[in-house]
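Some notes on the structure that comes next.
Below, read A as the first sequence line, B as the second, and so on, with proteins coming before strands; counting in each chain starts at 1.
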Protein chains: 2
Amino acid sequence: MLKAFTPTEESFVKQSAKARPRSATRGPPRLDPSQREAIITREAVAFFAEHGFEGQTRELAKRLRITQPLLYRYFPTKEALIERVYQEVFVGRWKASWGKLITDRAEPLKSRLTQFYREYAEAILTYEWIRLFMFAALKDLGLNARYLKMLRERVFEKVIVEIRAEYARPPIAQLPITVLEIEMVWGLHAAIFYLGVRQFIYGMPLEADVNSIIDAKVTTFLSGIRCILPAKSRV
Amino acid sequence: MLKAFTPTEESFVKQSAKARPRSATRGPPRLDPSQREAIITREAVAFFAEHGFEGQTRELAKRLRITQPLLYRYFPTKEALIERVYQEVFVGRWKASWGKLITDRAEPLKSRLTQFYREYAEAILTYEWIRLFMFAALKDLGLNARYLKMLRERVFEKVIVEIRAEYARPPIAQLPITVLEIEMVWGLHAAIFYLGVRQFIYGMPLEADVNSIIDAKVTTFLSGIRCILPAKSRV
DNA sequence: CATATTATTTATCAAATGATAAATAACGGT
DNA sequence: ACCGTTATTTATCATTTGATAAATAATATG
């Protein structure tokens, strides 16, 4: 049974003039294509996050209160819809401001890192992001390789550059990033990501506040990384 | 032991007397049921680890060089086969000796922890274990909830008990395990598990030796946990 | 109101997929 | 060497599932 559509949903979109009292069991009438597409995308994000990409188009359509062939008016294939979901979540939730946040030496290093990881955690520690990322990673290595390459370039390497500068170590142009350094940053990243795994894949609610955990992890990270930085440059 | 036979393939099993030169394109003839079942299980572990549990029985059969209906002679349903895979990997690779290893106070605490996590890492940091665990977790929360409950009881709590004892803190019967304590142990566990995620889900080879990483993580863990242990008991 | 446009549905296809039943053939016992 | 047992295959079913084409109906426009 189609549960009578909710007020919070798309019910009021495009109910322009006549306040048409549609038959209650029926979905909304002819929506504007751009609206419909947005609605489909939004629901697809939630749907595939829950069921994985093997989730069936018919079930997705049912959740949308539309028929399954209508999906194919907006997306040529299921794969195209999934691609759109990727864009929406992995690209759309990346904040362009993060690069400058990390490298803004007007702020103390620790507060920059804390701030960045708080924002990053807020972006990725969601049911959708974590599960979709894991589903995508298990499905094919390509997508995640791209994402993690970006993460390394835009975050990991920048973080190490800043740390080197902070502690007066040789710049990476002079002494390339070491395995130990990158491993430390991976460790910090892993700790935060794993909070999402615990919550949204293992289904175990976190007992502590995320921001406190992040603050603690960043502190530990910074105190730990001093031990493995390369020797000071003797200028 | 099931894996006792055959270095590489099932080719030589049961080629008893006559050394029958079967047509090369054909699979082996009538295998002993217990052997066949073991072979199917072994291949199913690899197959589902690669493709997830939506992997198709026909493709699995092809890899086994048998026909698909033969699978149903050994396992009533696909679900039963998956259940067997769970058993084989998650139950079968758990070592009963770990409990005593952790609590054996004849050994120093640090070497006990290092030894345990080295052995545990050796068991779970495999393509099969990591991916199957993640597939299972994403599919339904039930299985992993069971596993993680076991992990908490048989490892996490024991570790905290040992640490409390080592540093002369109140026993957990007197002062229950705190959120911070369990969070620290989770963190250590996460770090090790994430090594597997990087390798086998993200497809990024590790640049450092696993044992060295574990030693370092255990060291960091032990130095970090002293700060968050409850106050000493004043007896 | 009449008509064109098009968002949406209905009907349906073809391939995939888990599962079953009957036919076949390899092996062991006598 | 024969024969019964049974491991294995062949043939096939019933759903499921991504996708397409045609029919329907809501909206805009004149």
Original post:
Is there a side-chain contact between B:Phe47 and B:Ile40, using heavy atoms and a 4.5 Å cut-off?
Top reply: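 No, side chains not in contact.
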Original post:
Under 4.5 Å between any side-chain heavy atoms of A:Ile82 and A:Tyr86, yes or no?
Top reply: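 The answer is yes, as the side chains (C-beta and beyond) meet within the 4.5 Å cut-off.
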Original post:
Can a side chain N or O of B:Arg65 be found less than 4.0 Å away from OP1 or OP2 on D:dT8?
Top reply: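 No, because none of the side-chain N or O atoms of B:Arg65 sits under 4.0 Å from OP1 or OP2 of D:dT8.
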Original post:
Distance check: side-chain N/O of B:Thr67 vs OP1/OP2 of D:dT8, anything under 4.0 Å?
Top reply: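 No.
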By nearest atom, which of the nucleotides [options] is closest to the [X] side chain?
{"X": "A:Arg58", "options": "D:dT9, D:dA19, C:dT8", "result": "D:dA19"}
{"X": "A:Tyr72", "options": "D:dA19, C:dG18, D:dT8", "result": "D:dA19"}
{"X": "A:Arg73", "options": "C:dT8, D:dT6, C:dA19", "result": "C:dT8"}
{"X": "B:Ile66", "options": "D:dT12, C:dT8, D:dT9", "result": "D:dT9"}

Can you tell me how far [atom2] of [N] sits from [atom1] of [X], to the nearest Å?
{"X": "B:Ile82", "N": "C:dA19", "atom1": "CD1", "atom2": "C1'", "value": "14 Å"}
{"X": "A:Leu64", "N": "C:dA7", "atom1": "CG", "atom2": "C1'", "value": "15 Å"}
{"X": "B:Leu31", "N": "C:dG28", "atom1": "CG", "atom2": "C1'", "value": "16 Å"}
{"X": "B:Glu37", "N": "D:dT6", "atom1": "CD", "atom2": "C1'", "value": "16 Å"}
{"X": "B:Asp32", "N": "C:dC27", "atom1": "CG", "atom2": "P", "value": "12 Å"}
{"X": "B:Lys78", "N": "C:dT20", "atom1": "NZ", "atom2": "P", "value": "14 Å"}
{"X": "B:Leu70", "N": "D:dA11", "atom1": "CG", "atom2": "P", "value": "17 Å"}
{"X": "A:Gln68", "N": "C:dC13", "atom1": "CD", "atom2": "C1'", "value": "12 Å"}

Tell me which donor-acceptor pairs under 3.5 Å the side chains of residues 180-196 of chain A have, and how far apart each pair is, sequence neighbours excluded?
residue  : atom : partner  : partner atom : Å
A:Glu181 : OE1  : A:Arg164 : NH2          : 2.7
A:Glu181 : OE1  : A:Thr178 : N            : 2.8
A:Glu181 : OE1  : A:Thr178 : OG1          : 3.2
A:Glu181 : OE2  : A:Arg164 : NE           : 2.7
A:Glu181 : OE2  : A:Arg164 : NH2          : 3.4
A:Glu183 : OE2  : B:Arg198 : NH1          : 2.8
A:Tyr194 : OH   : A:Tyr202 : OH           : 3.2

Original post:
According to the interplanar angle, ranging from 0 to 90°, do the rings of A:Tyr120 and A:Tyr117 count as parallel (below 30°), tilted (30 to 60°) or perpendicular (above 60°)?
Top reply: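 Plane angle over 60°, so perpendicular.
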Subject >> A:Phe53 and A:Phe48 aromatic ring geometry - parallel, tilted or perpendicular at 30°/60° bounds >> reply: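 Tilted: the ring planes of A:Phe48 and A:Phe53 meet at 30° to 60°.
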Please write out the pairs of protein N or O atoms and N or O atoms of nucleotides 2-5 of chain C separated by less than 3.5 Å, giving the distance to one decimal.
none

**OP:** Just call it for B:Tyr74: base, sugar-phosphate, or nothing, with non-hydrogen atoms closer than 4.0 Å on any strand.
**Re:**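 Sugar-phosphate, backbone atoms only, no base.
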Original post:
B:Pro69 near the nucleic acid: base, sugar-phosphate alone, or nothing, with a heavy-atom cut-off under 4.0 Å?
Top reply: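 The residue B:Pro69 makes base contact.
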Can you give each donor-acceptor pair under 3.5 Å made by side-chain atoms of residues 153-160 of chain B, sequence neighbours left out, with the distance rounded to 0.1 Å?
residue  : atom : partner  : partner atom : Å
B:Glu153 : OE2  : B:Lys149 : NZ           : 3.3
B:Glu157 : OE2  : B:Arg152 : NE           : 3.1

Original post:
Is the backbone N or O of A:Glu50 less than 3.5 Å from a side-chain atom of A:Arg131, with the two atoms forming a donor-acceptor pair by type?
Top reply: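 The answer is yes, because a donor-acceptor pair under 3.5 Å joins these two groups.
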